[in-house]
Student: 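Mind having a look at this structure? Questions to follow.
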Amino acid sequence: MFKKILIAEDHESINISVQKTLEEFNIPIVDYVYYCDDALAKVQKSIREQQPYDLLITDLYYEEDHHTQHIKDGRELIEKIREIQPSLKVIVFSAEHKSGIIDSLFKDYHINGYVRKARNDSKELKKSIASVYINENYLSLDLKQEVRKLNSYEFSAYDIALVSLLSKGVLQKNIPSYLQEKNIKPYSLSSVEKKLNSLKEDLEVTSNEQLVAFCKDIGII
């Protein structure tokens with residue numbers, strides 16, 4: 001099992017909860033911090049002392065307070081740490097539920113596990129740690145199904161442009177003029193209508209409002 005773990009979490013109660021969850025594994029060294037800057041400093045110090053961490057468990061979002069921070073969120077923290085210790089295993093423990101964002105964490109930030117803060121999250125965190133330790137990525141079954149649904153449809157830049165305009169309150173009939181202004185083709189009204197109808201059919205929604213809500217929910221816009 002892991003010998004040295006760093007927990008980065010800005011809520012004290014959750015930080016303590018994660019520590020209690022880890023007690024079952026009898027990990028010799030478990031350090032915790034409340035700020036991303038402190039997490040990076042801890043990792044840098046561990047490398048200098050040739051006693052690097054095996055695993056980082058981090059939240060995704062951090063609330064701002066009177067302590068000025070250079071690193072604002074978990075994604076930026078993961079990027080910074082990957083630069084100095086690429087092999088460090090990372091589990092994100094967050095309330096974020098948007099499948100588009102979660103999918104991006106695995107694809108773009110190469111995290112090893114994701115656990116959503118919810119009911120039974122202690123059990124899921126234990127499963128995640130055990131899986132990541134044996135070099136298996138971890139994502140709970142319900143979130144895995146949502147990510148699979150997201151990946152079953154490849155959103156093009158054109159799709160995202162249309163839905164983004166709808167989300168900003170642009171009426172469907174006025175979208176062509178916006179597209180033409182940005183030289184985004186095709187910008188005829190018939191093309192816009194056809195694409196939006198196709199999107200709604202593929203995503204099994206019945207209105208433009210539902211289409212916008214769905215895309216916001218999965219993090220596309």
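Scope of the values below: all heavy atoms of this structure, side chains included, with no hydrogens, waters or symmetry mates.
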Student: Find out whether Val33 and Ile7 are in side-chain contact, i.e. whether some heavy atom of one side chain is under 4.5 Å from a heavy atom of the other.
Tutor: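 Side-chain contact under 4.5 Å: no.
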Student: Just how far is it from atom CG of Leu56 to atom CZ of Phe93, taken to the nearest 0.5 Å?
Tutor: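 Interatomic distance, Leu56 CG to Phe93 CZ, rounded to 0.5 Å: 13.5 Å.
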Student: Do Glu79 and Tyr109 come close enough that some side-chain heavy atom pair is under 4.5 Å?
Tutor: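 Side chain of Glu79 against side chain of Tyr109, heavy atoms only: contact under 4.5 Å found.
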Student: For the residue pair Ala39 and Ala8, what are the closest heavy atoms and their distance?
Tutor: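 So the two residues come closest at CB-CB, 4.1 Å.
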Student: Work out which heavy atom in Asn112 is nearest to a heavy atom in Arg82; give both atom names and the distance.
Tutor: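 Closest pair (atom of Asn112, atom of Arg82, distance): OD1-NH2, 3.7 Å.
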Student: For residues 123-139, which residue pairs pass the side-chain hydrogen bond (donor to acceptor under 3.5 Å, both in side chains) check, not counting sequence neighbours?
Tutor: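 Pairs touching residues 123-139 that pass the test: Glu24-Lys126, Lys89-Asn135, Glu124-Tyr138.
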Student: Could you tell me the separation between the CG atom of Leu139 and the CZ atom of Arg116, rounded to the nearest 0.5 Å?
Tutor: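 Result: 11.5 Å between the selected atoms.
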Student: Is Glu49 salt-bridged to Lys45, cutoff N-O under 4.0 Å?
Tutor: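 Counted as a salt bridge, because a side-chain N and a carboxylate O are separated by less than 4.0 Å.
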Student: Quick one: does Asn197's side chain have a donor or acceptor within less than 3.5 Å of a partner on Glu193's backbone?
Tutor: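 The answer is yes, because a donor-acceptor pair under 3.5 Å joins these two groups.
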Student: Assess the residue pair Arg75 and Ile101 against the criterion (side-chain contact (heavy atoms from CB on, under 4.5 Å)); give the C-alpha distance rounded to whole Å, side-chain angles, the decisive distance to 0.1 Å, and a yes or no.
Tutor: CA-CA 11 Å; Arg75 278 173 288 203; Ile101 292 175; 3.9 Å; yes
Student: Does atom CD (Glu204) have a neighbourhood of more than 12 heavy atoms from anything else shown, all under 6.0 Å?
Tutor: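 Incorrect, the count does not exceed 12.
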Student: Testing the basics here: between Ser46 and Tyr53, what is the closest heavy-atom pair and its distance to 0.1 Å?
Tutor: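 Looks like OG-CD1, 3.5 Å.
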Student: Is the closest side-chain donor-acceptor distance between Ser104 and Asp108 under 3.5 Å?
Tutor: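 Asp108 and Ser104 do have a side-chain donor-acceptor pair below 3.5 Å.
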Student: Cut-off 3.5 Å, side chains only: do Tyr61 and Glu96 have a donor facing an acceptor?
Tutor: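 There is such a pair between these side chains.
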Student: If I take atom NZ from residue Lys80 and atom NE2 from residue His70, how far apart are they, to the nearest 0.5 angstrom?
Tutor: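 Going from the NZ atom of Lys80 to the NE2 atom of His70 covers 10.0 Å.
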Student: Quick one: does any side-chain atom of Asp37 pair with a main-chain N or O of Ile71 as donor and acceptor, under 3.5 Å?
Tutor: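 Judged by distance alone, yes, a pair lies under 3.5 Å.
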Student: Count the heavy atoms of every other residue, nucleotide or ligand shown that sit under 6.0 Å from OH of Tyr178, and state whether that count exceeds 12.
Tutor: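 Atom OH in Tyr178 is not packed in, count stays at 12 or less.
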Student: What's the verdict on side-chain contact (heavy atoms from CB on, under 4.5 Å) for Asp59 and Lys117, showing C-alpha distance, side-chain angles and the deciding distance?
Tutor: CA-CA 10 Å; Asp59 198 350; Lys117 293 176 181 175; 2.9 Å; yes
Student: Nearest 0.5 angstrom please: Ser94 OG to Tyr114 OH, how far?
Tutor: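 Those atoms lie 4.0 Å apart.
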Student: Report the distance from atom CG of Asp73 to atom CD1 of Ile78, rounding to the nearest 0.5 Å.
Tutor: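 It is 8.5 Å, given to the nearest 0.5 Å.
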Student: Heavy atoms only: give me the nearest Ile129-Met1 pair and the separation to one decimal.
Tutor: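 Shortest heavy-atom contact: CG2-SD, 4.0 Å.
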Student: Do the charged groups of Lys42 and Asp38 touch, with an N to O distance under 4.0 Å?
Tutor: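 Salt bridge absent between Lys42 and Asp38.
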Student: Can you tell me how far apart CD1 (Ile27) and CD1 (Ile29) are? Round to the nearest 0.5 Å.
Tutor: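 Separation between the atoms: 11.0 Å.
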Student: Kindly list each side-chain donor-acceptor pair under 3.5 angstrom involving residues 158-170, sequence neighbours excluded, with atom names and distances?
Tutor:
from	atom 1	to	atom 2	distance (Å)
Tyr158	OH	Pro186	O	2.6
Asp159	OD1	Ser156	OG	3.2
Asp159	OD1	Lys195	NZ	3.4
Asp159	OD2	Tyr153	OH	3.4
Asp159	OD2	Ser156	N	3.0
Asp159	OD2	Ser156	OG	3.1
Ser164	OG	Ile160	O	2.7
Ser167	OG	Ser164	O	2.6

Student: Going through the distances and angles, do Thr58 and Glu9 end up as a side-chain contact (heavy atoms from CB on, under 4.5 Å)?
Tutor: CA-CA 6 Å; Thr58 179; Glu9 164 64 57; over 6 Å; no
Student: Do any N or O atoms from the side chain of Asp121 and from the backbone of Ala118 form a donor-acceptor pair under 3.5 angstrom?
Tutor: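 Yes, the answer is positive, given that a donor and an acceptor are paired below the 3.5 Å cut-off.
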Student: Less than 4.5 Å apart, any side-chain heavy atom of Tyr32 and any of Leu22?
Tutor: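 No. Closest side-chain heavy atoms not under 4.5 Å.
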Student: Run the salt bridge (Lys or Arg N to Asp or Glu O under 4.0 Å) check on Lys4 and Asp31 step by step: do they pass?
Tutor: CA-CA 8 Å; Lys4 190 174 183 181; Asp31 294 328; 5.2 Å; no
Student: Linking I/L/V/M/F/W/Y whenever any side-chain heavy atoms sit under 4.5 Å apart, do Ile84 and Leu6 land together?
Tutor: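 Same hydrophobic cluster.
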Student: When you measure from the side chain of Gln210 to the backbone N and O of Thr206, does any donor-acceptor pair fall under 3.5 Å?
Tutor: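 Yes; at least one donor-acceptor contact below 3.5 Å.
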Student: Specify the closest pair of heavy atoms between Tyr62 and Leu77, including all atoms of both residues, with the distance to one decimal.
Tutor: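 So the two residues come closest at OH-CD2, 4.5 Å.
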Student: Indicate the atoms forming the closest heavy-atom contact of Gln172 with Leu189, along with that distance.
Tutor: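 Minimum heavy-atom contact is O-CD1, 3.8 Å.
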Student: Can you check side-chain contact (heavy atoms from CB on, under 4.5 Å) on Arg48 and Gln44, steps first, answer last?
Tutor: CA-CA 6 Å; Arg48 287 196 304 270; Gln44 290 171 327; 3.9 Å; yes
Student: I want to check something: taking the side chain as every heavy atom from C-beta on, are Ile5 and Asp54 in contact at a cut-off of under 4.5 Å?
Tutor: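 Result no, sub-4.5 Å side-chain heavy-atom pair not found.
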Student: State, yes or no, whether a side-chain contact exists between Val90 and His110 at a heavy-atom distance under 4.5 Å.
Tutor: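 In short, these two side chains do not touch, never coming nearer than 4.5 Å.
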